[in-house]
Number of protein chains: 2
Amino acid sequence: MDTPQTYDVTKFERPSVTADVVIFTVLEAQLKVLLIKRKKWPYQDSWAIPGGFIKMDESLEESAYRELAEETNVTREQVYLEQLYTFGDPGRDPRTRVITVAYFALVSADQLNPQAADDAADVGWFSIHDLPALAFDHPKIVSYALTRLRYKLEYTAVGFQLLPDLFTLHELQNVYEIVLGTSLDKGNFRSKLRKTKVVEMVEGRRDTGGRPARLYRFRDDAVAEIKARRLFP
Amino acid sequence: MDTPQTYDVTKFERPSVTADVVIFTVLEAQLKVLLIKRKKWPYQDSWAIPGGFIKMDESLEESAYRELAEETNVTREQVYLEQLYTFGDPGRDPRTRVITVAYFALVSADQLNPQAADDAADVGWFSIHDLPALAFDHPKIVSYALTRLRYKLEYTAVGFQLLPDLFTLHELQNVYEIVLGTSLDKGNFRSKLRKTKVVEMVEGRRDTGGRPARLYRFRDDAVAEIKARRLFP
DNA sequence: ACAAAAGTGTTGAGAGTACACCCATGC
DNA sequence: GCATGGGTGTACTCTCAACACTTTTGT
């Protein structure tokens, strides 16, 4: 991590380091991102993803959880959080050299308080297809997060983090279709789900206008990851 | 990246930031990592992966390339470099708070100068199966890099970066077997290679003790990534 | 001729995909 | 009954994986 030579670690000029979080949820049949409005220069009145400076005694992940909690009041158990990428080009912040460790998070819409955080006007959920102009290099960060989310959805079981504890299979399929932006075959979706044994049926049904739907729950002991198909055998 | 509130960006205490690089190559039929011996406290005389402080006017990637060049004198065109993960737990360095942006690199053994860098005694290639005690949290970083390398090898074409420009299919299969730690079926390996069209035959043969082997080259225009198998259809 | 390594083909099992069909409820 | 959405099954295609076989060189 540092050179083995005789450098004094204190004599180097140090950059600022922040943790930024791209927070996703599915709301109103759309994949949405949480944005906050900046009040100061630079990029005053632009929208930005939440973030803040890393404290000297907290880990990067703790820092990201703290940012997450400040804007959404969700706890660690209610959220999926994963380090995304570290962005640090000189000049990405006009004030000084700022390196940001970006995270992405998945929260279920039912866990969000209707009145999130402080001033509701300055915090909002935006559809991924209709984003406002974003501050700094945040467009790149959001775009990267979306790519990673779609990718992860295809070979792991993180999609359940976007749903309440109990859900119907149709709701689950909807989440997948919304995030991936494709339509899926009902029969195949369900048969594969049965084979992988990642969900279990629970008591109770949900009224939907036709035949009532069974409720399901994610199985914690489920194998949540599938072996990737190999390019070479 | 920063909070939109009224913080003065200059008033926060700043951590040190370094770039560390896990450099892989295949040498003597083994997957090896480049390590350097530390000369100073802390972890004096321990082995460590190369790294150094980020300069205020260079990007993270430039910093990683610089570290790479200092130890191996390979150029950007001769190497595959990818950001791995950012490690920043408080206490990972006893001197001060140091956050490291870790990269991993793949170089072909034929591109390495026999006499690498300065003192040969303090730089060495170590088999992944026989590593010495490492400084800081470098065991975790190397282990993470290895996982990522194996994973990438299965669904992208980065494996070619560990071979010379021209190679036989047997040599290619060997690299895959060494890195993945498994044995592969010759017939299936070749038929899949034919289908994906990532390599092309070139003139010339190589003597090997039996029937001479055809030489191949990686096709730059090849589709280097395969679609992941979906957990849900 | 035989050993050694290169290189190709075959075959059965299982996954992926498209689609048709039946079931339970409200009106 | 019939509209609506829930839920299952089938049949075809393609990939995966194991294995047998042929070809070309040196000695």
Side-chain angles (χ1 to χ4, degrees), chain A residues 29 151 153-157 163-164 166-178 180-217 222-223 225-233, chain B residues 29 153-157 163-164 166-178 180-217 223 225-233:
Chain A
Y151 202 71
L153 211 61
E154 295 193 340
Y155 69 97
T156 69
L163 283 166
L166 300 182
F167 49 84
T168 69
L169 295 188
H170 185 75
E171 291 166 352
L172 178 61
Q173 187 178 341
N174 260 339
V175 164
Y176 271 79
E177 293 181 333
I178 289 166
L180 297 177
T182 59
S183 68
L184 302 171
D185 182 89
K186 182 176 53 162
N188 297 336
F189 186 83
R190 284 158 188 255
S191 74
K192 193 146 192 183
L193 215 44
R194 237 175 290 135
K195 264 182 284 183
T196 53
K197 296 202 182 82
V198 288
V199 296
E200 64 186 359
M201 201 184 281
V202 298
E203 285 302 305
R205 293 185 164 74
R206 180 163 297 170
D207 258 26
T208 58
R211 170 179 172 178
R214 301 298 311 240
L215 291 175
Y216 287 81
R217 170 169 53 202
V223 177
E225 195 145 336
I226 197 169
K227 212 178 58 183
R229 175 191 280 141
R230 288 187 175 178
L231 180 55
F232 309 116
Chain B
L153 212 61
E154 293 193 341
Y155 69 96
T156 69
L163 282 166
L166 300 183
F167 48 85
T168 69
L169 295 188
H170 184 75
E171 290 166 353
L172 179 61
Q173 186 178 341
N174 258 341
V175 164
Y176 271 79
E177 292 182 334
I178 289 165
L180 297 177
T182 59
S183 68
L184 302 172
D185 182 90
K186 183 174 54 157
N188 296 337
F189 186 82
R190 285 159 187 253
S191 73
K192 195 148 192 181
L193 216 42
R194 238 176 287 136
K195 265 183 281 182
T196 53
K197 296 202 180 82
V198 289
V199 296
E200 63 186 1
M201 200 184 282
V202 298
E203 285 303 305
R205 293 183 163 75
R206 180 165 297 171
D207 258 27
T208 59
R211 170 177 171 179
R214 300 299 311 239
L215 290 174
Y216 287 81
R217 169 169 56 200
V223 177
E225 196 145 335
I226 199 169
K227 212 178 55 184
R229 174 191 280 141
R230 290 185 173 180
L231 180 55
F232 309 115

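Chain A is the first sequence line, chain B the second, and so forth, proteins listed ahead of strands; every chain is numbered from 1.
- One can place CZ of A:Phe189 at 20 Å from P of C:dC19, the figure rounded to the nearest angstrom.
- Put simply, CG on B:Leu184 is 15 Å from P on D:dC19, counting in whole angstrom units.
- With D:dG7, C:dG7, C:dC19 as the candidates, the nucleotide lying closest to the side chain of A:Asn188 is C:dC19.
- Considering only heavy atoms from C-beta on, A:Phe167 stays 4.5 Å or farther from A:Val175 through its side chain.
- Nearest to the side-chain atoms of A:Thr208 among the listed nucleotides C:dA24, D:dA17, D:dG5 stands D:dG5.
- Heavy-atom nearest nucleotides on DNA chain D were determined for A:Leu169 and for B:Gly187, and the one closer to the 5' end corresponds to A:Leu169.
- Comparing atom distances between the B:Arg194 side chain and each of D:dT24, C:dT8, C:dA6 picks out C:dT8 as nearest.
- Nearest nucleotide to the A:Ala213 side chain, out of C:dT17, D:dG6, D:dT25: D:dG6.
- Nearest nucleotide to the A:Asp185 side chain, out of C:dC19, D:dA18, C:dA6: C:dC19.
- Here the P atom of nucleotide C:dA6 and the OH atom of B:Tyr216 are 11 Å apart, to the nearest Å.
- The main-chain N or O of B:Leu184 is found under 3.5 Å from a side-chain atom of B:Gln173 such that the two form a donor-acceptor pair.
- Heavy atoms only, all atoms of each residue included: A:Thr156 and A:Tyr176 are closest at O-OH, 4.0 Å.
- Distance A:Leu172 CG to D:dG7 P: 12 Å, rounded to the nearest Å.
- If you measure from atom NZ of B:Lys186 to atom P of D:dT23, you get 14 Å, rounded to the nearest angstrom.
- Counting to the nearest Å, the P atom of D:dA18 and the CZ atom of B:Arg190 are 18 Å from each other.
- Between D:dT15 and B:Lys192, no contact under 4.0 Å exists linking OP1 or OP2 to a side-chain N or O.
- Within the structure, every side-chain polar atom (N or O) of B:Arg211 is placed at least 4.0 Å from both OP1 and OP2 of D:dT23.
- Considering every non-hydrogen atom in both B:Ala213 and B:Thr168, the closest pair reads CB-CG2, 3.7 Å.
- Between B:Arg214 atom CZ and C:dG7 atom P there is a gap of 8 Å when expressed in whole angstrom units.
- Nearer the 5' end of DNA chain C, as judged by each residue's closest nucleotide, is the contact made by B:Met201, out of A:Lys195 and B:Met201.
- If you take CG of B:Leu193 and C1' of D:dC16, they are 16 Å apart, rounded to a whole angstrom.
- Around atom CZ of B:Arg206, more than 12 heavy atoms belonging to other residues, nucleotides or ligands sit under 6.0 Å away.
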